[in-house]
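What follows is a single structure, written as structure tokens, with notes after it.
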Amino acid sequence: MRIGMGYDVHRLEENRDLIIGGEKIEYEKGLLGHSDADVLTHAIMDAILGAAGEGDIGLHFPDTSGEFKDISSIILLKRVKDIIDKKGFTIGNIDATIIAQAPKMRPYIDAMRKNIADALQVDISQINIKATTEEHLGFTGRCEGIASEAICLLM
């Protein structure tokens, strides 16, 4: 068994869609990034890659490559699944937290879990997603950005 941890953060900007866990969330701003800037999926990918000893998403999907410009992070997550499959790993479980003052994530969490589980070809019970605020403290509390943390158990 191997454990990996992932973290990601992106700035909130106007004129961008807010995509988290592969779900489009209704909000006045979206996350700025080279891809769709899906912080949750990015943190999960880094947790999986870390557990497998395969570096991070920047190594596999550099933001200097036009190939990944505006790409869906769910597509990249499927590629991460291919990487761990080739190494003989299977996913035990993933536990993740979204850190955002707004918008409320609860209405979207079940769909996020399904998107992640489907991309990784695991049962939805192996994916847990939570959301929290930072009580108006720090950059997430001031609604300047959204962060996410994830941990993954590989077998």
Side-chain angles (χ1 to χ4, degrees), residues 2-65 68-81 91-120 122 124-154:
R2 296 175 64 139
I3 297 170
M5 180 265 184
Y7 174 81
D8 196 42
V9 61
H10 285 277
R11 175 185 304 276
L12 282 163
E13 294 284 337
E14 292 183 5
N15 302 313
R16 292 274 301 183
D17 287 337
L18 181 57
I19 309 293
I20 300 180
E23 278 299 298
K24 184 176 179 183
I25 297 172
E26 294 302 318
Y27 192 57
E28 65 221 28
K29 295 179 180 179
L31 294 169
L32 182 63
H34 186 68
S35 66
D36 62 4
D38 182 338
V39 291
L40 173 63
T41 304
H42 291 183
I44 289 170
M45 288 189 291
D46 270 347
I48 295 168
L49 290 168
E54 284 292 324
D56 62 16
I57 60 175
L59 176 67
H60 294 274
F61 316 112
D63 64 5
T64 55
S65 171
F68 307 117
K69 180 74 174 135
D70 297 323
I71 194 169
S72 165
S73 294
I74 294 296
I75 291 171
L76 301 179
L77 182 61
K78 290 176 183 178
R79 293 186 188 178
V80 167
K81 171 75 161 88
I91 294 171
N93 74 299
I94 293 169
D95 187 29
T97 303
I98 305 162
I99 305 157
Q101 192 64 42
K104 292 291 184 192
M105 298 293 161
R106 181 62 241 158
Y108 304 95
I109 286 179
D110 291 337
M112 291 176 192
R113 289 178 63 219
K114 182 176 182 340
N115 294 340
I116 301 296
D118 288 351
L120 294 172
V122 299
I124 196 168
S125 67
Q126 293 170 265
I127 309 297
N128 188 59
I129 299 171
K130 308 171 296 293
T132 190
T133 70
E134 289 189 303
E135 303 297 329
H136 302 281
L137 298 172
F139 71 91
T140 61
R142 292 187 301 271
C143 297
E144 295 171 7
I146 294 176
S148 186
E149 298 176 329
I151 190 164
C152 173
L153 175 68
L154 292 184

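Everything numeric in this text was worked out from a predicted model, so none of it was measured.
- Side-chain atoms of I74 and I116, non-hydrogen and from C-beta on, do get closer than 4.5 Å to each other.
- The distance from atom CZ of R79 to atom OG of S73, rounded to the nearest 0.5 Å, is 11.0 Å.
- Between I25 and M112, the closest side-chain pair of non-hydrogen atoms falls below 4.5 Å.
- Rounding to the nearest 0.5 Å gives a distance of 6.0 Å between CD1 of I127 and CD1 of I91.
- With sequence neighbours left out, the salt bridge (Lys or Arg N to Asp or Glu O under 4.0 Å) criterion links E13 to R11.
- The side-chain heavy atoms of L18 and P103, taken from C-beta on, include a pair separated by under 4.5 Å.
- The two atoms that bring L49 and D56 nearest to each other are CD1-C, 3.6 Å, heavy atoms only.
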side-chain contact (heavy atoms from CB on, under 4.5 Å) between L76 and I57: does it pass, once the steps are laid out?
CA-CA 9 Å; L76 301 179; I57 60 175; over 6 Å; no
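- Between R2 and A52 the shortest heavy-atom distance is NH2-C, 3.9 Å.
- Listed by chain and residue number, R106 satisfy the side-chain hydrogen bond (donor to acceptor under 3.5 Å, both in side chains) test with D110 (two or more places apart in sequence, or in another chain).
- The CG atom of L12 lies 9.0 Å from the CD atom of E144; values are rounded to the nearest 0.5 Å.
- Here the OH-CD1 distance, from Y27 to I19, works out to 15.0 Å after rounding to the nearest 0.5 Å.
- By the neighbour-count criterion of 12 heavy atoms within 6.0 Å, atom NZ of K81 is densely surrounded, having more than that number from other residues, nucleotides or ligands.
- Of the residues D8, L31, T140, the one that meets the side-chain contact (heavy atoms from CB on, under 4.5 Å) test with I146 is L31.
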Evaluate the side-chain contact (heavy atoms from CB on, under 4.5 Å) criterion for residues E14 and E28: first the C-alpha distance (whole Å), next the side-chain angles of each, then the deciding distance (0.1 Å), finally the verdict.
CA-CA 7 Å; E14 292 183 5; E28 65 221 28; over 6 Å; no
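- Looking only at distances, no side-chain donor or acceptor of H136 sits under 3.5 Å from a matching main-chain atom of C143.
- Atoms CZ and CD, on F139 and Q101 in that order, are 12.0 Å from each other to the nearest 0.5 Å.
- In this structure a side-chain-to-backbone donor-acceptor pair under 3.5 Å is present from Q126 to G92.
- Taking CD1 of I75 as the start and CZ of F68 as the end, the distance is 11.0 Å to the nearest 0.5 Å.
- A donor-acceptor contact shorter than 3.5 Å links the side chain of S148 to the backbone of T97.
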Quick one: do V80 and F61 satisfy side-chain contact (heavy atoms from CB on, under 4.5 Å)? Show the steps, please.
CA-CA 10 Å; V80 167; F61 316 112; 3.8 Å; yes
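- Nearest heavy-atom pair, G21 versus N115, reported as atom, atom and distance to 0.1 Å: O-ND2, 3.0 Å.
- A salt bridge links D95 to K130: one of the charged nitrogens lies within less than 4.0 Å of a carboxylate oxygen.
- Taking the side chain as every heavy atom from C-beta outward, L120 and I94 approach each other to under 4.5 Å.
- A donor-acceptor pair is defined here as one N or O able to donate and one able to accept, closer than 3.5 Å; such a pair exists between the side chain of H10 and the backbone of L32.
- With K24 as the fixed residue, the salt bridge (Lys or Arg N to Asp or Glu O under 4.0 Å) test singles out one of D36, D38, D17: D17.
- Looking at R113, its side chain does come within 3.5 Å of a backbone N or O of I124 through a donor-acceptor pair.
- The two residues A150 and A47 have their closest heavy-atom pair at O-CB, 3.7 Å.
- A donor-acceptor pair is defined here as one N or O able to donate and one able to accept, closer than 3.5 Å; such a pair exists between the side chain of H34 and the backbone of S65.
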